[in-house]
Undergrad: 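Structure incoming, see below.
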Amino acid sequence: MYGTGFSVWGMILNLLLILLVVGAVVVLLTRSGAINCESQKTADIERLNRLENEVRDTKKIVEEIKDKLDEI
């Protein structure tokens, strides 16, 4: 009865195949942006900082317009 026993080589081959599939999935998720890596985090922080600056500038402009309308 061949094929019913335990094979070390078969087990090693299965583990390598599983690791290969998991590695490919991680690479694809990282490239698609689903997994947030450090460079994406810094880009997100920069975007947030720019957005905060734009909000501050918009508030200043609105205040200036409001003051000018109050004068009129």
Undergrad: For residues 65-72, which side-chain donor-acceptor pairs fall under 3.5 Å, sequence neighbours excluded?
TA:
none

Undergrad: So, using side-chain contact (heavy atoms from CB on, under 4.5 Å) as the criterion, who are the partners of Ile12 when residues are at least two apart?
TA: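 Ile12 satisfies side-chain contact (heavy atoms from CB on, under 4.5 Å) with Val8, Trp9, Leu16 once adjacent residues are dropped.
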Undergrad: With sequence neighbours excluded, tell me which residues meet salt bridge (Lys or Arg N to Asp or Glu O under 4.0 Å) with Arg47.
TA: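 Salt bridge (Lys or Arg N to Asp or Glu O under 4.0 Å) list for Arg47, sorted by chain: Asp44.
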Undergrad: With a cutoff of under 4.5 Å between side-chain heavy atoms, which Ile, Leu, Val, Met, Phe, Trp and Tyr residues group with Ile45?
TA: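 ILVMFWY cluster around Ile45 holds nothing else.
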Undergrad: Considering only residues two or more places apart or on different chains, which pairs with a residue in residues 53-62 satisfy side chain to side chain donor-acceptor pair (under 3.5 Å)?
TA: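 Listed by first then second residue: Asn53-Arg56.
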